[in-house]
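Encoded as structure tokens, the structure appears first; notes follow it.
Just so we're clear, the structure is a prediction, and the values are computed from it rather than from any experiment.
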Amino acid sequence: MEKTLEGMGEPRMKQVALPKDTNSAGNIFGGWILSQIDLAGAQAAREVAPERVVTISMQEIIFKQPVFVGDVVSCYAKITEVGNTSIKTKIEVTAQRLNTAGFRECIHVTSAIATYVSVTKDGAKKPIDLELKKAHGF
């Protein structure tokens, strides 16, 4: 069973890191990890803005550990704030891999805070439904 950090939020994405996702050093490209973060955060944001959300910002992201080919990368996300049209999410990323003893270990790779805006299919800002806010404790 995968170890998780307390309060990480719900699991949103789980992907195996593949050779096509590597950088010139042979590690998984940071941009690939950022795209997983963005997808996971958007999934969380769509709980209160089900039609459509767009990313408007990501706060500083520090990669604490490298991700290697074959690692199982998991992204956990939870909503932390909801405004009139904006949704702030906290995303945590782990990598599961075999250690030198042959056992699986779960390593915390990075965290991010991403903000999304609720929009219509035409891209106009759309207020978040008050009932959905209440249902999620905001």
Close side-chain approach of Arg97 to Arg104, heavy-atom, < 4.5 Å: no
So, Lys134 side chain and Asp129 main chain: donor-acceptor pair closer than 3.5 Å or not? no
Identify whether Ile28 and Leu34 are in the same connected component of the hydrophobic contact network (ILVMFWY, side-chain heavy atoms under 4.5 Å). yes
Would you please test Ser111 and Lys90 for side-chain contact (heavy atoms from CB on, under 4.5 Å) and show each step? CA-CA 7 Å; Ser111 345; Lys90 171 97 172 148; 3.8 Å; yes
Rounding to 0.5 Å, atoms OH (Tyr116) and CZ (Arg46) come to a distance of 12.0 Å
Heavy-atom side-chain contact between Thr115 and Lys88 under 4.5 Å: yes
So, taking the atom named CD1 in Ile91 and the one named NZ in Lys78, what distance separates them when rounded to the nearest 0.5 Å? 11.5 Å
If you compare all heavy atoms of Ala45 against all heavy atoms of Thr89, which two are closest, and at what distance to 0.1 Å? N-CG2, 4.1 Å
One should read off an interatomic distance between Asp71 CG and Leu18 CG, to the nearest 0.5 angstrom, of 11.0 Å
Could you tell me the separation between the CD1 atom of Ile107 and the CD atom of Gln65, rounded to the nearest 0.5 Å? 6.0 Å
Indicate yes or no for a side-chain donor-acceptor contact from Glu92 to the backbone of His108 under 3.5 Å, with no hydrogens or angles considered. no
Heavy-atom closest pair, residues Leu132 and Glu47: CD2-O, 3.9 Å
Is the shortest side-chain heavy-atom distance between Met58 and Ile37 below 4.5 Å? yes
Heavy-atom side-chain contact between Gln96 and Thr94 under 4.5 Å: no
Heavy-atom side-chain proximity of Lys126 to Val119 below 4.5 angstrom: no
Check whether more than 12 heavy atoms from other residues, nucleotides or ligands sit under 6.0 Å from atom CZ of Phe29, and answer yes or no. no
Assigning hydrophobic clusters by single linkage (Ile, Leu, Val, Met, Phe, Trp, Tyr; side-chain heavy-atom cutoff under 4.5 Å), is Val16 placed with Trp32? no
Does the Asp122 side chain pair with the main chain of Ala124, one donor and one acceptor, at a distance under 3.5 Å? no
To the nearest 0.5 angstrom, please state how far the SG atom of Cys75 sits from the NZ atom of Lys14. 11.5 Å
Within-4.5 Å side-chain heavy-atom neighbours: Ile87 and Val53: yes
For the CG atom of Asp21 and the CG atom of Asn27, what is their distance to the nearest 0.5 Å? 12.0 Å
Shortest non-hydrogen contact between Val67 and Ala17, atoms and distance: CG1-CB, 4.1 Å
Is any side-chain heavy atom of Ile128 closer than 4.5 Å to a side-chain heavy atom of Phe138? no
So, do Val109 and Val73 sit near enough that their side-chain heavy atoms are less than 4.5 Å apart? no
Search all heavy atoms of Lys121 against all heavy atoms of Arg52 and return the closest pair with its distance. O-NH1, 2.7 Å
Smallest heavy-atom separation, Thr55 atom then Asp38 atom, equals OG1-OD1, 2.6 Å
Nearest non-hydrogen partners of Val93 and Ile33, listed with the distance: CG1-CG2, 4.4 Å
